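This report concerns only the one structure given below.
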Amino acid sequence: MEYIKGRLDFHVAEPTVLSIGKFDGLHRGHELLMDYVFQKKKEGMKAVIFTFDVPPKKSLEQDAARVLTTNEEKMHLFEQIGIDYLIECPFTEEIMHMPAEEFLKKIVEQLSIRCIVAGTDCSFGYQRRGDYRMLQKYAPEYHYEAQIVDKMQYEGRDISSTFIREEIAAGNMEKAELLLGYAYFVQGTVVHGNQIGRTIGIPTINLLPPQEKLLPPFGVYAARVEIDGKRYNGITNIGCKPTIAGDNPVGVETNLFDFYGDLYGKHAKVSLLKWVREEQKFQNVSELKVQMEKDIAFCRSFLGDSAASE
Ligand SMILES: Cc1cc2nc3c(=O)[nH]c(=O)nc-3n(C[C@H](O)[C@H](O)[C@H](O)COP(=O)(O)O)c2cc1C
Ligand SMILES: Nc1ncnc2c1ncn2[C@@H]1O[C@H](COP(=O)(O)OP(=O)(O)O)[C@@H](O)[C@H]1O
């Protein structure tokens, strides 16, 4: 996949099918859009995703301001499903103020678009005046096909990133997985922690997710981890470790079952499968260790040998 970001002079010369949107989470609500995109790819067009790189909101107090997938995570997801070009268009003043018609003409010409696939809720151009009707209106003049797709629903509600954010914020990981089509994950580079884990026989890989990443409630989760293409079952704590003195940053830390080795600096993807309990402040580390061992026993039995069997 070619990842084009940070520039307005993006170009693709081959005929393309393009889908435009935020794609936060790349969830099941986007599945029908992707089905059309891959149908056209089979017919010989290059598959292009067009998305805007909007800087994170300044105030991240509210869950609604946080994202399900960071730009980097989205990039991995699109690569995995077989997209040929991902265009992350900077949301500059020029783009923000470009009339919708002009914007449409620009992308059709620069990206050799033959088919545009979009949801009924899509919007683009100054004051978001461009919508699916505009895409349909200009189809004959610009010689592209407009495929307008309805959102998939779950229990009578459109599947959307807002719906999924609500479930994650409530710790409903199984429902979030159903709506996403995959388990919610956090990924990043393994960094050093306080090095206490090894002293209690429970080492943990520490990830520090970016501020804009939505996290489920602080607590313990059954997890599946992917590192260097290998999968492990494990257990994750999300939070600030209130039992451990000091100002601990919000972290996602995971003990991998049946593994021992050095993982610092590695890239890890931690999928959160089930909420187990809230993070608590214990009297001391020995009490915490007793509880952690109980949590591990629970998760081992919950996960069985699922990582090995996939
Ligand atoms: C399964 C599990 C449950 C945890 N639960 C808590 C908890 O309830 N409260 C807490 O303060 N820390 C909790 N932690 C975090 C531990 O404090 C942390 O793993 C330990 O201090 C080692 O941290 P280190 O990687 O910085 O060395 C938990 C960690 C794991 C793996
Ligand atoms: N089963 C395991 N699960 C997690 N990390 C492990 C495991 N075995 C070895 N490690 C290594 O130990 C490190 C964690 O040890 P720990 O004492 O918790 O240190 P830190 O506080 O720096 O995370 C991990 O980053 C990894 O390199």
Side-chain angles (χ1 to χ4, degrees), residues 70 72-73 76 168-174 176-177 183-211 213-310:
T70 62
E72 192 205 326
E73 290 171 343
H76 285 288
I168 291 171
N172 298 331
M173 306 318 292
E174 292 97 329
E177 180 169 352
Y184 190 59
F185 63 84
V186 175
Q187 65 181 28
T189 304
V190 176
V191 297
H192 287 268
N194 302 317
Q195 269 141 53
I196 294 172
R198 66 195 67 180
T199 67
I200 55 171
I202 311 175
T204 52
I205 52 165
N206 287 269
L207 304 182
L208 296 175
Q211 279 224 318
K213 173 85 181 174
L214 176 70
L215 292 176
F218 284 4
V220 179
Y221 294 82
R224 194 188 308 119
V225 183
E226 220 180 291
I227 300 171
D228 286 342
K230 288 206 190 89
R231 284 166 176 252
Y232 307 87
N233 284 338
I235 188 164
T236 299
N237 184 65
I238 300 183
C240 301
K241 319 184 214 196
T243 311
I244 312 299
D247 221 357
N248 300 304
V250 176
V252 173
E253 54 171 311
T254 307
N255 171 251
L256 310 183
F257 299 160
D258 308 314
F259 171 86
Y260 193 79
D262 181 357
L263 296 171
Y264 290 119
K266 294 267 187 197
H267 184 270
K269 175 174 175 181
V270 177
S271 297
L272 303 163
L273 307 183
K274 182 183 173 56
W275 184 86
V276 176
R277 68 167 172 87
E278 274 177 17
E279 188 184 49
Q280 293 162 38
K281 181 169 167 43
F282 290 89
Q283 291 299 317
N284 51 53
V285 175
S286 329
E287 279 186 25
L288 167 64
K289 178 175 154 68
V290 170
Q291 181 58 47
M292 284 166 77
E293 279 165 353
K294 285 186 193 158
D295 299 332
I296 290 172
F298 173 82
C299 286
R300 274 187 179 277
S301 114
F302 173 76
L303 294 165
D305 55 2
S306 58
S309 66
E310 276 175 32

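Since the structure is predicted, the reported quantities are computational estimates derived from the model, not experimental observations. Numbering starts at 1 and runs along the sequence shown. Atoms within a ligand are numbered from 1 in the order they appear, just like the ligands themselves.
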Min over Gln280, Gln195, Arg198, Glu253 of heavy-atom distance to atom 9 (N) of ligand 1 lands on Gln280
With a heavy-atom distance limit of 4.0 Å, tell me whether Gln291 approaches ligand 1 through its side chain, its backbone, both, or neither. neither
Please say whether the positively charged group of Lys213, taken as NZ for Lys or CZ for Arg, lies over the ring of Phe185, i.e. under 6.0 angstrom from the six-membered ring centre and within 45 degrees of the axis. yes
Does the residue Val220 have a heavy-atom contact with ligand 1, meaning some pair of atoms that are separated by less than 4.0 Å? yes
What I want to know is whether Phe282 and ligand 1 share at least one N or O pair that is separated by under 3.5 angstrom. no
Over-ring placement of Arg224 relative to Tyr232, 6.0 Å and 45° cut-offs: no
At under 4.0 Å between heavy atoms, what of Val190 touches ligand 2? The answer is side chain
Hey, does Glu279 come in under 3.5 Å of ligand 1, counting only N/O atoms on both sides? no
Heavy atom of Lys281 under 4.0 Å from ligand 1? no
Would Ile202 count as a polar contact of ligand 2, with the cut-off being nitrogen or oxygen pairs under 3.5 Å? no
Would Tyr260 count as a polar contact of ligand 2, with the cut-off being nitrogen or oxygen pairs under 3.5 Å? no
Please report which non-hydrogen protein atom sits nearest to atom 14 (C) of ligand 2, along with the residue it belongs to and the distance in Å to one decimal place. Thr204 O, 3.2 Å
If you measure from each non-hydrogen atom of Asn206 to ligand 2, which part falls under 4.0 Å: side chain, backbone, both or neither? side chain
Note: ligand 2 atoms sitting under 4.0 Å from heavy atoms of Asp262 are 27 (O)
With only distance considered, is Gly197 within less than 3.5 Å of ligand 1 through an N or O on each side? yes
Nearest-neighbour protein heavy atom for atom 21 (O) of ligand 2, which is reported as residue plus atom name and distance: Gln195 N, 2.7 Å
How does Thr254 reach ligand 1, by side chain, by backbone, by both or by neither, if only non-hydrogen atoms under 4.0 Å count? neither
Taking only non-hydrogen atoms of Thr199, do any sit less than 4.0 angstrom from ligand 2? no
Does ligand 1 have a heavy atom under 4.0 Å from the side chain of Asn206, from its backbone, from both, or from neither? side chain
Table please: side-chain donor-acceptor pairs of residues 283-290 below 3.5 Å, with sequence neighbours left out.
from	atom 1	to	atom 2	distance (Å)
Asn284	OD1	Ser286	N	3.2
Asn284	OD1	Glu287	N	2.9
Lys289	NZ	Ile200	O	3.1
Lys289	NZ	Glu293	OE2	3.0

Salt-bridge test for Glu73 and Lys269: reply yes if a basic N is under 4.0 Å from a carboxylate O, no otherwise. no
What is the closest protein heavy atom to atom 27 (O) of ligand 2, and at what distance does it sit? Leu263 N, 2.7 Å
re atom 10 (C) of ligand 1, the protein heavy-atom contact at minimum distance is Thr243 OG1, 3.4 Å
Which protein heavy atom lies closest to atom 27 (O) of ligand 1, and at what distance to 0.1 Å? Ile196 N, 2.6 Å
Ignoring angles and geometry beyond distance, decide whether Asp295 reaches within less than 3.5 Å of ligand 1 through its nitrogen or oxygen atoms. no
Quick one: nearest non-hydrogen protein atom to atom 24 (P) of ligand 1, plus distance? Lys241 NZ, 3.5 Å
So which heavy atom in the protein is nearest atom 3 (N) of ligand 2, and how far is it from that ligand atom? Leu256 N, 3.0 Å
Please write down residue, atom name and distance for the protein heavy atom closest to atom 25 (O) of ligand 2. Tyr264 CE2, 3.3 Å
Please determine whether a side-chain nitrogen of the Lys or Arg among Asp295 and Arg300 lies less than 4.0 Å from a carboxylate oxygen of the Asp or Glu. no
Candidates Gly201, Gly261, Gly197; heavy atom nearest atom 9 (C) of ligand 2 found on Gly261
Would you say Asn255 contacts ligand 1, with heavy atoms under 4.0 Å as the rule? no
Can you pull out the closest protein heavy atom to atom 25 (O) of ligand 1? Residue, atom name and distance to 0.1 Å, please. Thr204 OG1, 2.9 Å
Could you check atom 4 (C) of ligand 2 against the protein and tell me its nearest heavy-atom contact, residue, atom and distance included? Pro203 O, 3.4 Å
Can you list the ligand 2 atoms lying under 4.0 Å from a non-hydrogen atom of His192? 22 (O)
Note the single closest protein heavy atom to atom 6 (C) of ligand 1, along with its residue, its atom name and the distance in Å. Leu288 CD1, 3.4 Å
Are Lys274 and Phe302 in a cation-pi contact, defined as NZ or CZ under 6.0 Å from the six-membered ring centre and within 45° of the axis? yes
